[in-house]
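Residue numbering restarts at 1 for every chain, and letters A, B, ... go by the order of the sequence lines. All figures in this text were calculated on a predicted structure; none of them were measured in a lab.
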Number of protein chains: 2
Amino acid sequence: MPHQKLIERLLAVSRLSKSEQNALVGLPYAVRNLADGDIVVHQGDRSSCCTVLMSGFLSRQRVISERNQISAFYVPGDIPDLHSLHVPIIDHDLCSTGPSTIATVSHVALRQLLRDFPALTYALWGETVIQAAIYRNWVENLGARAALPRVAHLLCELATRLQQVGLASGGRMNLPFTQGDLADACGLSTVHINRTIQELRRRRLIDWQSQTLELLERVELEFIAEFNQDYLLGRPSLAQH
Amino acid sequence: MPHQKLIERLLAVSRLSKSEQNALVGLPYAVRNLADGDIVVHQGDRSSCCTVLMSGFLSRQRVISERNQISAFYVPGDIPDLHSLHVPIIDHDLCSTGPSTIATVSHVALRQLLRDFPALTYALWGETVIQAAIYRNWVENLGARAALPRVAHLLCELATRLQQVGLASGGRMNLPFTQGDLADACGLSTVHINRTIQELRRRRLIDWQSQTLELLERVELEFIAEFNQDYLLGRPSLAQH
DNA sequence: CGTACAATTGACGAGATTCAATCTTAGTGG
DNA sequence: CCACTAAGATTGAATCTCGTCAATTGTACG
């Protein structure tokens with residue numbers, strides 16, 4: 001399987017031996033470049049391979065009540081359709097937000113790998129556990145937070161995930177999202193997202209221009225968002241106590 | 001591990017050999033009875049065992065922005081804290097809604113079992129995949145649907161999950177939830193939940209009294225909710241084509 | 001330099017919240 | 001068996017957050 005970012009992520013979450021890492025690296029894969037808006041997998045497709053995001057961003061989206069709802073963003077190192085190994089019918093569009101690069105690995109090859117290295121099964125299960133925790137936090141975000149803390153929470157999450165794979169330092173990151181994308185993810189209208197972002201700017205909490213987002217007052221922002229990064233760390237045990 | 005409902009669920013999702021089923025059944029466990037409102041696991045606890053819900057309902061909840069947000073309901077056969085095997089620090093309260101019975105299985109015993117029967121690792125991973133799909137649907141529900149379809153969708157989901165374990169037939173089920181519980185799950189106020197339920201009653205879509213919910217016009221209700229049960233089935237492949 | 005798309009702004013409306021009161025129901029003790 | 005109590009369900013009124021509509025401005029790209 002490709003790419004150091006995935007290995008980085010998995011190592012952050014699980015302990016993998018050198019041979020397991022090598023087996024991952026040795027997986028056959030195909031690389032594909034995507035442009036903004038390209039759809040990787042369509043809703044209804046039957047999938048026979050998994051996708052590893054190598055660079056850029058993907059989003060999972062589906063039209064609900066005539067509204068395009070984004071239910072997940074993916075950053076490099078993520079495997080957005082890992083679940084297709086269990087449930088091959090895809091029920092969302094997976095699409096590139098900004099240009100991106102992906103690698104695809106066939107289910108067949110992946111299953112063989114997991115048979116040979118059971119610890120990898122466990123490690124990938126751990127990936128699913130973290131993805132579930134992210135969804136859970138989105139549920140809370142959409143269910144309980146007003147617009148400002150809701151947007152703040154999403155930005156904190158993205159910043160932390162990008163940091164984990166070395167794509168954000170000092171709170172600065174490249175983010176090719178439009179305000180419409182944010183609106184679709186936060187369950188708000190573009191108009192209201194616009195006003196919310198302006199408010200975040202006015203309070204000097206963020207700086208966002210020409211696809212570069214900078215979190216200016218990280219502590220204050222995380223306070224407003226009630227953000228706690230523990231759910232993104234596979235091993236909070238190391239961060240605690 | 002205890003209980004036929006879990007086996008039923010796992011069999012619905014994965015193929016398990018007799019010996020694997022027997023190994024599951026043979027796991028040592030402790031049974032506990034809970035009263036309404038009892039907390040199984042507290043936010044912040046370090047968990048050393050997993051919980052299998054045998055009867056009744058559990059809910060996962062946490063206070064977000066001074067609001068109690070429920071991010072999941074669990075029905076018999078579910079393992080609400082399966083993820084604690086990977087991330088032992090629990091970041092939500094898990095509490096009994098109505099009386100319930102649970103069985104606890106130590107992580108140690110479970111890990112040993114998974115070492116002996118790799119197929120069970122895969123099967124439990126599949127459980128996590130389904131739980132993630134449920135979260136994803138909640139994200140969409142909270143992000144995109146107005147109150148009426150939102151409540152309808154939740155009721156359809158619960159009915160389907162209860163059906164899977166034989167606890168709902170003909171759309172009738174025992175449901176010990178208060179309107180406040182629904183409100184916490186749907187991200188709405190109790191007042192608005194009340195009005196929404198009245199509207200569902202007025203349209204003769206549901207009948208709900210003395211803890212018994214009946215879905216009267218299932219097709220119509222699912223249409224309003226845009227509900228599709230595929231995400232709850234581990235093997236949509238069998239339901240399709 | 002025009003075109004298309006994203007961002008911004010203002011005015012208005014609707015869905016949902018809040019507050020507060022009342023009604024209903026189930027459980028309790030006398 | 002019934003009054004008493006507490007929790008849940010219901011109702012009305014006022015309010016507010018956020019959505020919709022529609023127009024305008026800004027910006028990247030050919």
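- Here the P atom of nucleotide C:dT17 and the CG atom of B:Leu182 are 13 Å apart, to the nearest Å.
- At a non-hydrogen distance threshold of 4.0 Å, nothing from residues 202-210 of chain A comes into contact with DNA chain D.
- Taking all atoms of both residues into account, the shortest heavy-atom contact from B:Phe177 to B:Leu182 is CD1-CD2, 4.4 Å.
- No side-chain N or O of B:Asn228 forms a donor-acceptor pair with one of B:Glu226 less than 3.5 Å apart.
- Put simply, the side chain of A:Gln164 gets close to the backbone of A:Leu232: a donor and an acceptor are under 3.5 Å apart.
- Nucleotide C:dC5 holds its C1' atom 13 Å from the CD atom of A:Gln211, rounded to whole Å.
- Residues of residues 139-159 of chain A having a heavy atom closer than 4.0 Å to DNA chain D, listed by number: A:Ala146, A:Ala147.
- Among the atoms of the strands shown, none is found under 4.0 Å from any heavy atom of A:Ile197.
- With hydrogens and angles left out, the side-chain atoms of B:Arg218 and B:Thr160 include a donor and acceptor closer than 3.5 Å.
- We find the CD1-OG1 distance between A:Ile79 and A:Thr51 to be 9.0 Å, quoted to the nearest 0.5 Å.
- Distance alone, capped at 3.5 Å, is enough to place a donor-acceptor pair between the B:Asp181 side chain and the B:Thr178 backbone.
- Among the heavy atoms of the strands lying under 4.0 Å from B:Gly187 are primed sugar atoms or P, OP1, OP2 only; no base atom is included.
- When distances run from any side-chain atom of B:Arg195 to the nucleotides C:dT17, C:dT9, C:dA7, the shortest one goes to C:dT17.
- Rounded to a whole Å, the NE2 atom of A:His192 is 18 Å from the P atom of C:dA14.
- Ring-plane geometry between A:His153 and A:Tyr231 is classed as parallel, the angle between the planes falling under 30 degrees on a 0 to 90 degree scale with a further cut at 60.
- Computed from coordinates, the A:Ile193 CD1 to C:dA7 P distance equals 11 Å when rounded to whole Å.
- Between A:Phe73 and A:Ala185, the shortest heavy-atom contact is CE1-CB, 3.6 Å.
- The shortest distance between the side-chain N/O atoms of A:Asn194 and the OP1/OP2 oxygens of C:dA7 is not below 4.0 Å.
- Residues from residues 92-101 of chain A placing a heavy atom under 4.0 Å of any atom in DNA chain C do not occur.
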| Where along nucleotides 19-25 of chain C does protein come under 4.0 Å, by heavy atom, of base (B) or sugar-phosphate alone (S), with - for untouched nucleotides? | B------
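- Under the salt bridge (Lys or Arg N to Asp or Glu O under 4.0 Å) criterion, A:Arg172 pairs with A:Glu214, sequence neighbours left out.
- Atom-to-atom, CG of B:Leu188 to P of C:dA16 comes out at 7 Å; the value is rounded to the nearest Å.
- For B:Asp38 and B:Ser96, the side-chain atoms include no donor-acceptor pair closer than 3.5 Å.
- For B:Arg150 (side chain) and B:Cys186 (main-chain N/O), a donor-acceptor pair under 3.5 Å exists by modelled atom type.
- Counting any heavy atom pair closer than 4.0 Å across all strands shown, B:Thr178 reaches sugar-phosphate atoms only and no base atom.
- Between A:Glu199 and A:Arg203, at least one side-chain nitrogen of the basic residue sits less than 4.0 Å from a carboxylate oxygen of the acidic one, meeting the salt-bridge criterion.
- Using a 4.0 Å cutoff to heavy atoms of chain A, the contacted part of DNA chain D runs 5' to 3' from D:dC18 to D:dC21.
- Panel note: side chain A:Gln69, backbone A:Asp184; a donor-acceptor pair is recorded below 3.5 Å.
- In terms of heavy atoms, B:Ile102 sits closest to B:Val40 at CD1-CG1, 3.7 Å.
- Judged purely by atom type and a 3.5 angstrom limit, A:Asp81 has no side-chain atom pairing as donor or acceptor with the backbone of A:Cys50.
- To the nearest 0.5 angstrom, B:Gln43 atom CD is 12.0 Å from B:Leu94 atom CG.
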